[in-house]
Amino acid sequence: MASTAPLGFRALPLSVAQLSLAAVLKCGQSFRWTSYPLPTSPGAGPSPTHEYRLCLRDRIVCLRQSPDYLFYRSVFPGEQLESEDEETLAWLKDYFQLDVDLVKLYDQWSERDQVFDKLRSRFSGIRILRQDPWETLVCFICSSNNNIPRITKMVHALCKHYSPSLITLPPPSVSEDGSQDPATYHPFPPPSVLAAPNVKSTLRTLGFGYRADYIQRTAKMLVDTHGSSVSPSGTRECCEEWLAGLRQMNTEDAREELLKFVGVGRKVADCILLMSLDKREVIPVDTHVYQIAIKHYGLRTAGGSKAKSAMTPRVYEQVTAKFVGIWGDFAGWAHSVCDCLMLSCCLFISFLGSFHCRLESLLFIRY
């Protein structure tokens with residue numbers, strides 16, 4: 001079905017079953033996308049409901065979505081060249097990993113897993129992003145004992161304070177009272193900027209708490225070990241290039257490197273591996289994932305199938321092995337669908353004010 005792209009946008013044929021922006025950009029993978037509601041016209045048929053924006057180093061990427069198309073455009077600080085639209089398309093295909101047929105994966109997981117088969121219709125289009133490793137490292141250091149709204153606020157504050165503004169844009173549409181003001185966009189700062197000693201105290205004033213020390217020390221470790229000069233590519237510092245080079249290592253070696261950084265434990269390292277370093281089989285395990293593995297997948301630990309053991313390294317490995325055995329090489333992707341459902345349940349519980357509900361019970365209440 002042909003589709004008319006919004007003014008200034010280009011259209012990429014892509015169904016919501018392959019990519020759901022509304023789900024993927026709000027599920028706790030990335031924390032810098034901003035969302036704007038769009039006006040709807042009664043009787044106009046399916047049309048984009050939101051515009052999503054992300055500030056890269058040299059441009060703002062703006063996305064909208066209909067059931068069958070992804071609409072995209074870039075906004076630059078100066079005059080544009082036609083070829084840059086192709087650069088943005090290449091970035092989109094890489095960032096969303098569009099070479100992966102998600103519908104085919106959903107079919108495979110459904111054949112192997114009855115629990116997943118019951119979830120798939122409720123959360124389609126969930127795929128793992130291929131993000132910048134440096135940004136992902138900092139964001140998931142911030143994630144310790146935290147929640148998505150607060151992490152988002154912290155990351156935006158960090159960018160605003162430590163990165164010069166790239167461009168200021170008005171919202172895609174103005175509300176009835178005209179209250180929406182233009183937004184100023186800041187790229188993510190490089191390691192050399194966050195390695196300065198005074199970063200600790202400044203981040204604390206911005207609400208980072210103990211994570212301020214972790215971020216500054218991690219940035220300094222990177223800069224001291226791998227350098228802050230601009231790489232031959234001319235776009236990233238050498239230490240950022242080294243970090244991206246972990247994609248070429250095997251999973252165990254890459255994890256070992258990440259665990260050297262301050263504030264990076266096993267789960268944070270696995271989030272970074274999965275969401276920026278191409279380790280698609282990796283599953284970040286927490287207590288919720290552990291209890292679901294016991295209750296719904298028959299995992300037996302040393303204390304028995306119903307034991308609530310501490311999250312030891314051995315238990316972590318058992319949970320991971322259980323799910324990889326079911327879901328295969330893309331186990332981390334399948335796990336992300338369950339994560340989205342858990343997040344949805346958390347928001348529902350918060351809305352109701354029923355904090356005594358057990359998340360895993362609500363998660364599978366129909367099954």
Side-chain angles (χ1 to χ4, degrees), residues 28-31 94 97 128-146 151 188 190-192 194-195 210-229 231 233 236-287 289-290 293 299 301-302 309-325 327-336 339:
Q29 292 191 59
S30 178
F31 303 95
D94 180 74
Q97 306 196 69
I128 292 294
L129 304 175
R130 190 176 195 251
Q131 302 179 80
D132 174 75
W134 162 239
E135 178 177 341
T136 308
L137 171 60
V138 174
C139 288
F140 279 95
I141 288 177
C142 293
S143 72
S144 176
N145 297 314
N146 217 338
I151 299 167
F188 198 84
S192 60
L194 298 183
Y210 64 86
R211 305 169 193 86
D213 181 67
Y214 295 168
I215 291 170
Q216 188 275 334
R217 291 171 62 189
T218 290
K220 190 173 188 304
M221 286 175 64
L222 266 174
V223 169
D224 288 350
T225 305
H226 303 286
S228 60
S229 59
S231 67
S233 67
R236 296 192 288 195
E237 295 181 351
C238 288
C239 55
E240 294 177 88
E241 293 285 0
W242 174 84
L243 198 57
L246 297 182
R247 290 169 173 165
Q248 310 307 318
M249 290 187 180
N250 64 50
T251 299
E252 291 301 323
D253 290 344
R255 182 185 288 118
E256 183 177 344
E257 292 295 334
L258 292 175
L259 289 172
K260 296 176 182 178
F261 295 117
V262 185
V264 177
R266 174 65 186 268
K267 182 186 175 184
V268 168
D270 283 355
C271 288
I272 299 164
L273 290 169
L274 175 64
M275 301 173 196
S276 69
L277 295 177
D278 299 342
K279 311 309 179 190
R280 294 165 169 173
E281 80 286 359
V282 169
I283 298 175
V285 178
D286 57 19
T287 55
V289 175
Y290 174 32
L299 176 69
T301 61
S309 306
M311 182 57 69
T312 64
R314 180 183 178 186
V315 168
Y316 198 113
E317 292 293 347
Q318 286 179 310
V319 174
T320 297
K322 181 67 176 181
F323 285 125
V324 171
W327 294 326
D329 293 340
F330 282 77
W333 286 50
H335 164 263
S336 70
D339 257 0

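All values reported here derive from a predicted model rather than from experimental measurement. Residues take their numbers from the sequence shown, with the count starting at 1.
- Dense packing is recorded around CG of Asp253, with more than 12 heavy atoms of other residues, nucleotides or ligands lying under 6.0 Å away.
- Using a 4.5 Å cut-off on side-chain heavy atoms (C-beta onward), Lys267 and Ser143 make no contact.
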Criterion side-chain contact (heavy atoms from CB on, under 4.5 Å) on Leu222 and Glu237, from CA distance to verdict: CA-CA 10 Å; Leu222 266 174; Glu237 295 181 351; over 6 Å; no
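- Arg280 meets the side-chain hydrogen bond (donor to acceptor under 3.5 Å, both in side chains) test with Gln97; sequence neighbours excluded.
- We find the CD1-CG distance between Ile283 and Leu273 to be 12.5 Å, quoted to the nearest 0.5 Å.
- To the nearest 0.5 Å, the span separating NZ on Lys260 from CE on Met221 amounts to 8.0 Å.
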Evaluate side-chain contact (heavy atoms from CB on, under 4.5 Å) for Lys279 paired with Leu274, printing each intermediate quantity in order. CA-CA 5 Å; Lys279 311 309 179 190; Leu274 175 64; 5.8 Å; no
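- Gln131 places a side-chain N or O within donor-acceptor distance of the main-chain N or O of Gln29, the cut-off being under 3.5 Å.
- Under the 4.5 Å side-chain criterion, counting only non-hydrogen atoms from C-beta, Ile215 is in contact with Cys142.
- Side-chain polar atoms of Ser144 and Tyr214 form no donor-acceptor pair below 3.5 angstrom.
- Atoms OG1 and CD1, from Thr136 and Ile272 in turn, are 7.5 Å apart once rounded to the nearest 0.5 Å.
- Using modelled atom types, one side-chain atom of Gln216 and one backbone atom of Ala195 make a donor-acceptor pair closer than 3.5 Å.
- Below 30°, between 30° and 60°, or above 60°: for Trp134 and Phe188 the angle between ring planes is above 60°, a perpendicular geometry.
- Shortest non-hydrogen contact noted between Pro190 and Glu240 is CB-OE2, 3.9 Å.
- Within the structure, ring pair (Phe, Tyr, Trp, His ring centres under 6.0 Å) contacts touching residues 258-277 (residues at least two apart or in different chains) do not occur.
- A donor-acceptor pair under 3.5 Å links the side-chain atoms of Ser336 to the main chain of Trp333, judged by distance alone.
- By the 4.5 Å heavy-atom criterion applied to side chains, Val285 and Asp270 are not counted as neighbours.
- Within the 4.5 Å cutoff, the side chain of His226 has no heavy atoms near those of the Glu241 side chain.
- When side chains are defined from C-beta on, Met311 counts as touching Tyr290, because their heavy atoms get closer than 4.5 Å.
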Should Leu258 and Leu277 be marked as a side-chain contact (heavy atoms from CB on, under 4.5 Å) after you check the CA-CA gap, both sets of side-chain angles, and the distance that decides it? CA-CA 11 Å; Leu258 292 175; Leu277 295 177; 4.0 Å; yes
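- Checked by atom type and distance alone, the side chain of Arg266 never pairs as donor or acceptor with a backbone atom of Leu259 at under 3.5 Å.
- One finds no salt bridge joining Arg314 and Glu317 here, because no Lys/Arg side-chain nitrogen approaches an Asp/Glu carboxylate oxygen to under 4.0 Å.
- With rounding to the nearest 0.5 angstrom, the OG atom of Ser276 is 8.0 Å from the CG atom of Leu137.
- Residues passing the salt bridge (charged side-chain N to carboxylate O under 4.0 Å, His left out) test with Asp213 are Lys200, Arg217, sequence neighbours excluded.
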